[in-house]
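Reviewing the structure listed below.
Each residue takes its place number in the sequence, starting with 1.
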Amino acid sequence: WNLRDELKSQYSKENGLPQQKLIYEVMLRIINQDIPQEMVNKNEYQWNPVENKIFKDGKETAFQPEPNTRYKYLLDNFLAMKDVDPFTPYYPTYISRQFDDDMEMPQEKVEELFISLVSSPTIKKVAELIKKRLGRDLQPFDIWYDGFKTRSTLSEDFLNQSTKTKYPNTQALKNDLPNILVKLGYNPEKAKFISDKIEVDASRGAGHAWGAEMKSEKARLRTRVGKDGMNYKGYNIAVHEFGHNVEQTLTLHNVDNYFLKGVPNTAFTEAWAFIFQKRDLELLGIKEDNPNKEHLMALDNFWASYEIMGVSLVDMNVWKWLYKNPKATPEQLKQAVIDIAKEVWNKYYAEIFGIKDQPILAIYSHMIDYPLYLSAYPIGHLIEFQIEKNVVNKNLADEMVRMCSQGSLTPDIWMKKAVGNVVSTQPMIEAAEEALKFVN
């Protein structure tokens, strides 16, 4: 996560390209598992990831590559989930349990949904626009292009100073939660009710949200807070996690039957987190005057979906491969993941980026420690987009309470009641086409 977010943050800098290329080399070393084991969780050496050499006291030192640890974790997850299969006859594979049972969306339907966007002719048009805005040919890591956001015109130093001054510690963020909710349209009483049920913790990782299971307990919001305060990256993640927490609180306390608490699946809570995160500058009091704001948001959502849908296709195909090859070794699995990532890249990305055989879609750590979770993000982007269209000229807080009070209905019924239509890529594609007429 932090490698990706650091790479994305470089788009706001004049000299960000060399750092992005360096991070990309690190990512490739991780995917290929030729990252020096001496560099993992240690600070004794310096590393040149381009040449893959390590140094101590200025002298080059021999090293051992990490022994496919990454893929051993993935394989162990598969074997553990496969051991459950005999005990769930209605959902005889983990793939079935994750999609048919947990998400209540068939895997084949989800895959078709993603392919309908990543193979859309609109992708090439948006890519040409990004190429013009960057003033260079696209690089593989431009799947994370972040320049459609208004914040891309603001310096990282300015944003960091703003957040560090406002949030020197976790308590400052905790104290400000009611104010954030009021800015989003909640009345002070409801804002206090929700924020009183959320605790803020400093995180060693990127950030996380964890909901309460009973009404007497609190949800947890975790984000990075440095010694000198919360930088913009930590704040941006905190707003995302806060979106989860607000949804978790509403769907626990506002649903009329405890057994219907929550949302249909994790994609729906991701949608609310994205909706909050998108408003991070507004919540900081930084006004966005760009007349093309809505069109830029449409393009940002479209490109982000293009990226994460490809990642999700890799994730799904890896699990299909595992079920066909249950006795695979970590080395064989590594090669399969890399081959699948390149195959998806060559099919949906190579023509757009002008480069073949890139394994970058295999980098996500979610694939390693959150089995088959990645599909929740792109479905979340689709839901987010449809909700955003529905709340135009309405009070976001009132609409969020209305939608979240439905509880965990099946996805299509929830969406029809919330926005009048099922989950679809078409509204996002149409909005991107419209945005291309205004944004240059």
Side-chain angles (χ1 to χ4, degrees), residues 98-100 102-107 109-118 120 184 209 211 239-251 254-255 260-279 294 297-313 315-316 366 370 372-392 394-432:
Q98 189 68 4
F99 288 94
D100 299 327
D102 187 46
M103 292 183 71
E104 296 186 295
M105 298 176 72
Q107 186 273 325
K109 180 181 176 182
V110 171
E111 191 167 346
E112 287 174 12
L113 200 63
F114 294 172
I115 290 173
S116 71
L117 189 139
V118 299
S120 164
L184 290 169
V239 176
H240 177 98
E241 304 306 343
F242 187 42
H244 284 304
N245 291 141
V246 175
E247 173 275 305
Q248 290 160 349
T249 303
L250 289 173
T251 56
N254 276 52
V255 175
L260 279 175
K261 72 178 178 65
V263 284
N265 60 50
T266 49
F268 287 78
T269 188
E270 291 299 345
W272 288 115
F274 290 140
I275 287 167
F276 273 54
Q277 189 173 16
K278 188 182 290 181
R279 290 163 171 77
E294 296 302 320
M297 285 168 59
L299 291 170
D300 183 59
N301 213 324
F302 181 78
W303 193 253
S305 298
Y306 174 53
E307 176 261 331
I308 199 66
M309 284 179 182
V311 172
S312 303
L313 289 171
D315 197 21
M316 287 186 276
H366 302 65
Y370 291 91
L372 285 178
Y373 183 89
L374 279 162
S375 296
Y377 289 113
I379 295 173
H381 279 302
L382 296 176
I383 296 166
E384 170 206 357
F385 192 81
Q386 288 172 265
I387 289 175
E388 288 283 14
K389 289 195 73 174
N390 185 80
V391 301
V392 173
K394 297 178 184 177
N395 181 290
L396 173 63
D398 291 343
E399 286 297 288
M400 185 174 186
V401 170
R402 177 183 71 82
M403 295 181 197
C404 288
S405 298
Q406 297 181 101
S408 56
L409 306 175
T410 56
D412 283 352
I413 292 176
W414 194 100
M415 286 294 288
K416 285 178 180 177
K417 286 178 174 288
V419 301
N421 204 350
V422 298
V423 179
S424 170
T425 60
Q426 202 54 40
M428 186 182 287
I429 294 171
E430 290 171 359

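Distance CG/Asp412 to CE/Met105: 6.5 Å, rounded to 0.5 Å. In this structure, His381 NE2 and Met309 CE are separated by 8.5 Å, a value rounded to the nearest 0.5 Å. With rounding to the nearest 0.5 Å, the separation of CZ in Phe268 from CD1 in Ile379 is 8.5 Å. Here the CE-CG distance, from Met297 to Asp300, works out to 8.5 Å after rounding to the nearest 0.5 Å. Within the model, atoms CG of Leu260 and CG of Leu409 stand 6.5 Å from one another, a figure rounded to the nearest 0.5 Å. Going from atom CD1 of Ile275 over to atom CD of Glu388 covers 5.0 Å, rounded to the nearest 0.5 Å.
Within the 3.5 Å criterion, the main-chain N or O of Val391 finds no donor-acceptor partner in the side chain of Glu399. The closest donor-acceptor contact from the side chain of Gln248 to the backbone of Gly211 lies under 3.5 Å. No side-chain donor-acceptor contact under 3.5 Å links Ser375 to the backbone of Ser312. With hydrogens and angles disregarded, a donor-acceptor distance shorter than 3.5 Å links the side chain of Gln386 to the backbone of Ser424. Within the 3.5 Å criterion, the main-chain N or O of Leu113 finds a donor-acceptor partner in the side chain of Ser116.
Heavy atoms only, all atoms of each residue included: Gly407 and Trp414 are closest at O-CD1, 3.2 Å. Heavy-atom minimum distance, Phe302 versus Met428: CA-SD, 3.8 Å. Ala273 approaches His244 most closely through the heavy-atom pair CB-NE2, 3.5 Å. Cys404 and Thr251 make their closest contact through O-CG2, 3.4 Å (heavy atoms, listed as atom of the first residue, atom of the second, distance). Considering all non-hydrogen atoms of both residues, Val419 and Ile387 come closest at CG1-CA, 4.0 Å. Taking each heavy atom of Glu104 and Pro264 in turn, the nearest pair found is OE1-O, 4.3 Å.
We find that Lys109 and Glu112 are not joined by a salt bridge, their nearest charged nitrogen and carboxylate oxygen being 4.0 Å or further apart.
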Side chain to side chain contact (heavy atoms under 4.5 Å, CB included) assessment of Leu396 paired with Arg279
CA-CA 11 Å; Leu396 173 63; Arg279 290 163 171 77; 3.7 Å; yes
Might you work through the side chain to side chain contact (heavy atoms under 4.5 Å, CB included) test for Tyr373 and Thr266, ending with a clear yes or no?
CA-CA 8 Å; Tyr373 183 89; Thr266 49; 3.9 Å; yes
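No option in Lys278, Glu270, Lys389 other than Lys278 meets the side chain to side chain contact (heavy atoms under 4.5 Å, CB included) test with Glu384.
You'll find the ring centres of Phe274 and His240 inside the 6.0 Å limit.
Counting heavy atoms from C-beta outward, Pro106 and Asp100 have side chains that approach closer than 4.5 Å.
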